[in-house]
Amino acid sequence: MAVLERGGNAADAAVAAGFVLHVVEPHLNGPGGDLPAIVHVPGSEPRVLSGQGPTGAGATIAAHRALGVDHVPGTGLLAAVVPGAVPAWLTLLRDLGTWSVADALSFAIDLADRGHHVLPRVAATIAGSAERFRTEWPTSAALWLADGVPEPWQRIRNPLLAQTYRRLADAGAGLGREAACDAAIAAWSEGFVAEAVDAHVRTPVVDATGDAHPGLLRGEDMAAWRPTWEAPIGLDWRGRRVLKCGAWTQGPALLAQLGILEPLLPTRADRFDADLVHLATEAAKLAFADRDAWFGDGADLTGLLDEPYLAERRALIGAEASLELRPGALHGAPRFPAVQVEGAQRAAGAGEPTRGDTCHLDVVDADGMVISATPSGGWLQSSPAIAGLGFCLGTRAQMLWLEEGLTTSMAPGIRPRTTLSPSMALHDDGTVAAFGTPGGDQQDSWQLSMLLGMGVLGLGPQAAIDAPAWHTTHLVSSFDPRVWEPGGLHVESRLGTDVIEELRRRGHRVTDVGEWSLGRLSLASRAPDGTVRAAANPRGEQGYAVVR
C-alpha cells in the first residue's frame, strides 16, 4: 500500500511486496525459489509470467542414478533448479512497472538490514531445523543461529541478503529504468549470484536420503534462462472466465474440476451439504489423477476441457467414494508414475508440508492493472544457505520422477510441474478478480471451495473465503515422500457433524482438522466503475486485505 500511495502501480507494489516476503517469511519463500503470476493490463489480454526455473543441463536420470539415488530428495542440492523468483520479479518491474530497482527493493533492504520481528512460525521452523543446521549445514547455522535459536517476535537481521539486494540495485546505477532492470537480472543470472551458486552446489551436503550429494545445477544454466510471458488457459464458468497458468503447473486441474462438476451442481444451494462436498471431492480426484498422468512442461492438454472428455470423466462419479487412482485416456492410455500407497515411508525428508510453504498476493491499482502471484520455494529449511548471499536454493525438482516415459520425467532444461497456482477471473460485467492461496497440492481444492461458495451458495468473496473448506489427499503428493491416501478427505468441522458422518458413510476416509484450519485464500478485484474489493483469509491470522 505504501508503494501505491506513493504513485507506484500494481507491478511496482507486487515487486516490492515480493522482495519483502523473501525477508520476513523465509520459511515460505525465498530469492532462490519460484514465481508464477497472472497479470491483467487494461486494453490487453491477461498474460502469465513464468518465473519457474528449469532443471540444469546436467539433470538427467542417468546422472541421478550414478549418484545412487532412486528418487529426487526433497531437501539438499539435487532438487535445485534455476532460481526464478528474482529474475521474474525484476522482469515484471521492467516490463510493467514504473519504479527503479533501488526504490522497489528499498523496503526489503531496510527490513533485512535493520531487522524485523520474527514470526512465531519462522522461529519454530528454525528451531525445528537447528540440529541439521549445526551438524550438516553450517552455512545455514551461521545465518539463522548466530545468536542462538530466535524466540518469537525477537528482532532478527539478514545483512547478507540486504547486501545481495544492494548489489542488484547498484548493477544498473546510471542506466535508464528498463536497462537497470536488465542489469540487475544479469548480475543475478550471469554475475556474482550465479558464480556463488555454481561454487555452492559442487560441495556435497546431506539431503533427505541421509547421504551427502552435490547439486547438478551450474552457473551457465542460470545464464541460459530468462522468465517468459505466456498465454493463460481458461474456462467459462457461471458468469466468469477463470484463467490459470499452463501445463507446467497444476492450475488446469481447477478448470477441469469446474468443467466436470458444472452439470451436476445445483443452480443455488444454502450450504455445503454432503452431496455437494462428495461431488466436488470426486471431481477433484479425477482432475488430479489427470494432473499426475498428463501435466508437465510442454505437455499437450488439448481436449482436457472439451465437453466429450469432461462427460467421460463425469460419468465415473458414483454415489460412493472412489478408492482408485483413475487418470483418463486424454491422449491414449495414461502412463502413471509408480506411487507409494498410504503408510509407505521414505527416509525422513520433507519438501512442502500439505499446507504452508508458499505465499500468495493479489494487487489491484487505480488504473485497473490486476496481478495474481504465488511466490514460493527456496525455503530456509529445504537447502543449505549459500555463503555470502543470505538465502538458499529451491528444491522444486523433487516434483520430477526418475522414471522414463512420463510427462514429468527428469530431463535437462524442463520446468518441474509445480503446485503453484495463481488465478484470475474475468467476469461478464467487466470485473477482473485475482485470487489464490498457499498450500501445495491443496491450492486448487481450496480455490474450488471458494468458487463454489460464490457460484453456488451466492456468497461474496469474503464470505466464500470464510466458509468451511475441505481438500482431498487422494492424489500423488508432489513432494517427497511421494505418497497418496486412497479416499483421504480433510474437512473443517464447521461443515457439520451430519455432513461429515454422511461423507464417512459414503466411503470417504474423513479427517476432521478443526474449525478454522484449511485454506489461505485471498482475492482482490476491480469493477469497470473503478470499485475495488478485497478479501483475505482469517485462518492463522496471516492474511490481510487492504483497500483505499
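Everything quoted here is computed from the prediction, not taken from an experiment.
When each of Thr358, Asp34, Thr418 is paired with Ser376, the side-chain hydrogen bond (donor to acceptor under 3.5 Å, both in side chains) condition holds for Thr358 and for no other. Evaluated for a side-chain hydrogen bond (donor to acceptor under 3.5 Å, both in side chains) with Arg291, the options Thr408, Thr249, Asp441 yield exactly one hit, Asp441.
Within a 6.0 Å radius of CZ in Arg121, other residues, nucleotides and ligands contribute 12 heavy atoms or fewer.
For the residue pair Trp248 / Glu230, a side-chain donor-acceptor distance below 3.5 Å is found, with atom types taken as modelled. Gln398 and Thr395 are linked by a side-chain donor-acceptor pair at a separation below 3.5 angstrom, with hydrogens and angles left out of the test. Donor-acceptor pairing under 3.5 Å is recorded for the side chains of Asp362 and His360. Looking only at atom types and distance, the side chain of Gln250 has no donor-acceptor partner in the side chain of Thr419 under 3.5 Å away. Counting only N and O atoms by type, the side chains of Gln52 and Ser50 include no donor and acceptor under 3.5 Å apart. The closest side-chain donor-acceptor pair between Trp144 and Asn158, if any, does not fall under 3.5 angstrom.
In terms of heavy-atom proximity, Ala85 sits nearest to Leu35 at CA-CB, 4.1 Å. Closest approach of Ala373 and Trp89 over heavy atoms only: CB-CH2, 3.9 Å. In terms of heavy-atom proximity, Ile233 sits nearest to Pro252 at CG2-CG, 4.0 Å. Smallest separation of non-hydrogen atoms from Pro54 and Gly413: CB-C, 3.7 Å. Residues Gly388 and Thr164 approach most closely at O-OG1, 4.1 Å, considering heavy atoms. Nearest heavy-atom pair across Ala146 and Ala142 is CB-O, 3.5 Å.
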Report task. Would you check, one step at a time, whether the test salt bridge (charged side-chain N to carboxylate O under 4.0 Å, His left out) holds for Arg166 with Asp170? Result -> CA-CA 6 Å; Arg166 282 197 188 95; Asp170 291 346; over 6 Å; no
Report task. Check the pair Arg226 / Glu190 against salt bridge (charged side-chain N to carboxylate O under 4.0 Å, His left out), numbers first and verdict last. Result -> CA-CA 11 Å; Arg226 291 294 186 272; Glu190 302 172 37; 2.4 Å; yes
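Rounding to the nearest 0.5 Å places NE2 of His200 at 7.5 Å from SG of Cys392. The distance from atom CG of Asp292 to atom OG of Ser478, rounded to the nearest 0.5 Å, is 6.5 Å. Taking CZ of Arg415 as the start and CH2 of Trp225 as the end, the distance is 9.0 Å to the nearest 0.5 Å.
Remark: aromatic rings of Phe19 and Tyr165 are close, center separation under 6.0 Å.
Residues meeting the ring-ring contact (aromatic ring centres under 6.0 Å, His included) test with Phe391, sequence neighbours left out: Trp188.
The cationic atom of Arg417 (NZ for Lys, CZ for Arg) does not lie both less than 6.0 Å from the six-membered ring centre of Trp294 and within 45° of the ring axis.
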